[in-house]
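A short worksheet on the structure shown next.
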Amino acid sequence: MCGIIGYIGEKKALPIILKSLKKMEYRGYDSAGVALVENDKLIIKKKSGKLDILKKELKDFKNNSTIGIGHIRWATHGEPSDLNAHPHNDCNSELTIVHNGIIENSNELKKSLIKKGHIFKTETDSEVLAHLIEEYYKNNKLEEAVKIALEKVNGAYGIVVFSLKEEKLVAARLGSPVVLGIKNKEYFVASDVAALLPFTKEVLFLEEGEIAILDRQGYKIIKLTGGESIRETQTVDWSLDEVEKDGYDHFMLKEIMEEADTVRASMRGRVILEEGDIRFGGLIDVMDKLKEIDRIIIVACGTAHYAGRIAEYVIESLVNLPVEVQYASEFRYREEPLDKKSLVLAISQSGETADTLAAIRKAKENNVLTFGIVNVVGSTIARETDAGIYNHIGPEISVASTKAFVSQLVIIYLLAILLGRQRKLSRQQAIEILDELNKLPEKIETITAQASKIDEIAKKYYEANNFIYIGRKLNYPIALEGALKLKEISYIHAEGYPAGELKHGPLALIEEGYPVVAIIPQDKVYKKTINNLEEVKARLGKVIAITNEEDDLIKKVTDDVIIIPKTLEILNPILTVIPIQLLAYFIAKRRGCPIDQPRNLAKSVTVE
Ligand code: M6R
């Protein structure tokens, strides 16, 4: 939700902090701020709004501090304002903190700190941490004060703190990601690896309940529960180019244009074509357990949840196992019986989504086998699941998830083939699907090549106030995803429905000019959906169809058609989703929306 950064080293901290914050802008853009040292005094500069506003303010600001912290905010407690922007400090302006997360008992803590004489300036829960640490900061050992303070706190935090009294940064994590970066005599702390890549690829992910102390000589990690943690750094293989826009106007478009490669990358090294089999490095130790499972529960949020809804059809068809897909935020509070033969599968791009993580923890408490399909290497869900599969598609920066969805689908097909081959799926059936999966990158390129045609369609409809998306079977979740994509980046109200449901209510909305997007490839239910489109046309609605061929049937019931290549019916969603993403992108662009950073949203939702 927010991004935190800390630097201690030999260079000027300010440019480093600003550069890192830029890389984390997708995490929040309600305000930005930095804390540095000048003439033995704490200097805090913070502004509400996007990072560029702060940067403008700092244009002529000179500062030589080689220690500092920074923050980019996605507001939870307290409106976005200059005052509520981080960093926050203690009563004497000697100690300063940046925080990502939520302090759930902040009201109680604040009341008792006020009684002790602390003076609060903001409405944030985070400021409580600054005063709480101040309260216990007695003997020039910042880490001890941080440790005692955090013992009193309920909630989630990734923090970095420093004090004028000591040349060190103290960072801690519980429920919000924190990663250290190391480069010779320079030390960094950030909310994610993307923020460190301009400086180093040597990183160390803090575990839950760990505190890191970084000074000019090195770093040390201690546990909130006591004792030291000795762990090795790891080298990440994401390149800086992968987190730059590469000439595209938005990360979202860049990420859609990468989708052909996304399919290749998600399959690389995992397919044994001649055997019709799949090998996932992360599943080797649990292959026998997988033979035993008799039910799969998929937990995920947002777009990842819709990938799960497609998995439901795919796994049921190829594996013949019952699959249930639940919103992670619902699963975590349900009281359904979970038995040992179930598998709980989390799908999460970031690997940090709080609800999905809580769902996994609940499954583990019930001794149920847990898996993750996760993109961010070393993320919490990746570490806490019993086994898992990485997407291996590089960072996804735009808040709107696109290439991660395509990759999640590819992994789902591969996983279904693996499970299917352990059960009823024949080698020949598996080879047929894998062969076709191999052909998808080229087919995707023929769709992305139609970007300008899709933009022309966007031009006709971008001023509409409402949209309905319809699809059947595997393409019903694509209709849901289409509506989500449009809502989140263009702020147009949109709903996704199974095409057959239209006549049970939503049809009442259709009037002259009302746009309906139909995902209608030429599959077994093609003609059924044609009938639904007749119903729309009879009410003078406008139909935009995504299909494989402009035949007479479709011509009669559509206003605009986007043609995609044919593939196996079961693989259709990988192709049908691409025009859906491009349409949302171009509509949002024509409406002048801030596509990569939609209002009120954040890339990584680490609060409940
Ligand atoms: O990182 P995750 O995949 O767990 O994120 C889940 C959702 O927050 C995410 O897919 C969200 O719905 C996207 N903004 C949709 O584009």
Side-chain angles (χ1 to χ4, degrees), residues 1 26-29 74 175-177 191-194 250-253 255-256 259 262 298-311 325-332 344-361 371-382 384-385 388-391 393-409 411-412 469 477-478 480-491 494 496 577-578 580-585 588 593-608:
M1 322 276 42
Y26 68 89
R27 298 183 68 90
Y29 25 85
W74 185 79
S176 301
S191 294
D192 79 21
V193 173
H250 298 95
F251 281 111
M252 182 177 175
L253 186 59
E255 287 159 4
I256 295 172
E259 285 176 338
T262 293
I298 297 178
V299 288
C301 305
T303 290
H305 175 88
Y306 296 142
R309 299 277 280 264
I310 293 168
V325 191
Q326 298 199 25
Y327 285 106
S329 53
E330 289 295 314
F331 175 82
R332 62 186 292 186
V344 171
L345 168 61
I347 307 177
S348 173
Q349 187 286 132
S350 62
E352 300 293 349
T353 301
D355 286 318
T356 312
L357 181 58
I360 282 297
R361 287 180 177 161
F371 271 23
I373 298 178
V374 171
N375 188 34
V376 178
V377 174
S379 57
T380 313
I381 294 173
E384 293 201 9
T385 37
I389 306 163
Y390 281 122
N391 296 91
I393 55 162
E396 186 180 69
I397 305 291
S398 181
V399 165
S401 188
T402 54
K403 67 173 183 175
F405 179 79
V406 167
S407 173
Q408 285 156 359
L409 294 186
I411 305 278
I412 283 160
Y469 286 69
I478 297 296
L480 296 171
E481 171 61 5
L484 173 64
K485 221 69 316 157
L486 189 70
K487 271 188 271 221
E488 76 172 322
I489 61 169
S490 74
Y491 317 145
V577 76
I578 296 165
I580 284 293
Q581 297 168 343
L582 284 168
L583 186 65
Y585 172 79
C593 295
I595 293 178
D596 287 331
Q597 298 169 355
R599 68 184 180 206
N600 308 338
L601 300 181
K603 182 69 180 161
S604 179
V605 187
T606 52
V607 291
E608 205 179 332

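Only a predicted model underlies this, so the values are computations on that prediction, with no experimental measurement involved. Just follow the structure's listing: the first ligand is 1, and inside any ligand the first atom is 1. Along the sequence shown, the residues carry numbers beginning at 1.
With a heavy-atom cut-off of 4.0 Å, H305 does not touch ligand 1 at all. Contacts of E488 with ligand 1, taken as heavy-atom pairs under 4.0 Å, involve the side chain alone.
Inter-residue side-chain proximity for K485 and S401 is flagged as met; some heavy-atom pair is nearer than 4.5 Å.
For ligand 1, none of its N or O atoms has an N or O atom of T356 under 3.5 Å away. Considering both main-chain and side-chain atoms, V399 comes within under 3.5 Å of ligand 1 through a nitrogen or oxygen pair.
For atom 2 (P) of ligand 1, the choice among D355, V605, T353 with the nearest heavy atom turns out to be T353.
Every heavy atom of E352 sits 4.0 Å or more from the atoms of ligand 1.
Of the possible polar contacts, none joining the N375 side chain to the Q349 backbone as a donor-acceptor pair under 3.5 Å is found.
Ion pairing between a basic and an acidic side chain is recognised when a charged N comes within 4.0 Å of a carboxylate O; E396 and K603 show such pairing.
Scored by the ring pair (Phe, Tyr, Trp, His ring centres under 6.0 Å) test, Y469 finds no partners at all (sequence neighbours excluded). With sequence neighbours excluded, the residues satisfying side-chain contact (heavy atoms from CB on, under 4.5 Å) with S379 are E352, V374, V376, A382.
Those atoms of ligand 1 that come under 4.0 Å of a heavy atom in S348, given as number and element, are 1 (O), 2 (P), 3 (O), 4 (O).
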